Amino acid sequence: MTVRANKVRTENDITVKRITSDDELQDALRLAENVFMQFEAPTFTKRGTESFLSFIWGKRLREMFEDGSFTVWGCYRGKELAGMIALRDCAHISLAFVRSDFHRQGIGRMLYAAAKAEAMAHGTKRITVNASDCGIPFYHAMGFRKTDMQLLTDGILYTPMAARI
């Protein structure tokens, strides 16, 4: 895998690139919503689902994206968006989703590599994430460790985790 500015190219016709346009962001957030509804929402309370959807479609996320404090990367097979990851303040994974038909193909690993490279380029030494139950095994595999017990905020159940980079 090679890294060039805002693009990472791999051998399998898969490209990871930074999302810069509003259309690309819309596609990434739709993917996040669809995967969330498939895997996470069934285990969430109604309030938790509403909180998540309010965050991804809310004004604050847009403002952070526009001011550069919320960077988003997409993983494409050809022109098809397979997954996305978002990094807040170059130090916190805020969203990470891979379509089910692309699970177990290294997409999540490639997206995390892009987020980690971004964080390192900004001098970040530690990345954090509030992991859902579904995400914990992936984050463990990426070197994250739990930093606190499972918490509940705004109906969302998560486990705070961190990794040194």
Side-chain angles (χ1 to χ4, degrees), residues 1-21 24-44 52 55-56 61 64-65 68-148 150 156-165:
M1 178 169 31
T2 58
V3 178
R4 287 188 196 98
N6 288 333
K7 212 174 221 187
V8 177
R9 184 161 288 291
T10 66
E11 314 81 50
N12 303 331
D13 190 34
I14 295 175
T15 303
V16 176
K17 70 175 197 115
R18 185 166 176 180
I19 289 176
T20 57
S21 76
E24 291 171 328
L25 178 63
Q26 292 295 317
D27 290 344
L29 294 176
R30 272 192 294 278
L31 181 145
E33 178 180 9
N34 290 338
V35 175
F36 171 83
M37 295 305 286
Q38 182 179 5
F39 293 101
E40 304 290 346
T43 66
F44 273 47
F52 176 81
F55 170 71
I56 66 168
L61 185 144
M64 291 186 302
F65 180 74
S69 63
F70 192 83
T71 54
V72 183
W73 293 79
C75 185
Y76 297 83
R77 175 167 284 152
K79 293 185 180 186
E80 191 175 16
L81 182 61
M84 61 83 66
I85 194 166
L87 192 61
R88 189 180 71 230
D89 298 326
C90 296
H92 181 79
I93 296 172
S94 187
L95 300 169
F97 292 96
V98 175
R99 284 183 17 198
S100 62
D101 51 331
F102 288 100
H103 282 185
R104 314 251 352 126
Q105 296 178 37
I107 304 294
R109 189 174 296 277
M110 287 182 265
L111 286 164
Y112 176 62
K116 184 176 172 181
E118 173 88 3
M120 291 171 67
H122 285 86
T124 302
K125 304 277 188 233
R126 182 175 175 255
I127 293 180
T128 60
V129 67
N130 292 333
S132 68
D133 285 346
C134 289
I136 290 172
F138 169 76
Y139 290 112
H140 273 297
M142 297 298 104
F144 283 77
R145 297 294 168 247
K146 294 177 184 179
T147 59
D148 201 347
Q150 193 172 55
I156 297 175
L157 195 61
Y158 63 93
T159 301
M161 300 181 80
R164 293 209 179 281
I165 58 172

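Values reported hereafter were calculated over all heavy atoms of this structure, with side chains retained and with hydrogens, waters and symmetry mates removed. Position 1 is the first residue of the sequence; numbering continues from there. If you're wondering where the values come from, they're calculated on a predicted model, not measured in any experiment.
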Could you go step by step and tell me if Phe39 and Phe97 meet the ring pair (Phe, Tyr, Trp, His ring centres under 6.0 Å) rule? CA-CA 10 Å; Phe39 293 101; Phe97 292 96; 9.3 Å; no
Verify, without hydrogens or angle tests, whether [X] (side chain) and [Y] (backbone) share a donor-acceptor contact under 3.5 angstrom.
X: Thr124; Y: Ala91; answer: no
X: Arg99; Y: Leu31; answer: no
X: Thr15; Y: Tyr76; answer: no
X: Glu80; Y: Arg77; answer: no

Side chains of [X] and [Y] in contact at under 4.5 Å (non-hydrogen atoms):
X: Ile93; Y: Phe144; result: yes
X: Leu61; Y: Leu29; result: yes
X: His140; Y: Arg145; result: yes
X: His122; Y: Leu87; result: no

Go through it in stages, so that I can follow the logic: the residues are Tyr112 and Ile127, the test is side-chain contact (heavy atoms from CB on, under 4.5 Å), and I'd like the CA-CA distance, side-chain angles, deciding distance and then a yes or no. CA-CA 10 Å; Tyr112 176 62; Ile127 293 180; 4.1 Å; yes
So, Phe36 versus Phe52, ring centres under 6.0 angstrom or not?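 Close enough - the centres of the two rings lie under 6.0 Å apart.
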Set out, in order, the CA-CA distance, both residues' side-chain angles and the distance that settles side-chain contact (heavy atoms from CB on, under 4.5 Å) for Glu118 and Arg18, then state yes or no. CA-CA 10 Å; Glu118 173 88 3; Arg18 185 166 176 180; 3.6 Å; yes
Kindly give the heavy-atom pair with the smallest separation between Leu111 and Gly74, and that separation in Å.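 So the minimum-distance heavy-atom pair works out to CD2-C, 3.9 Å.
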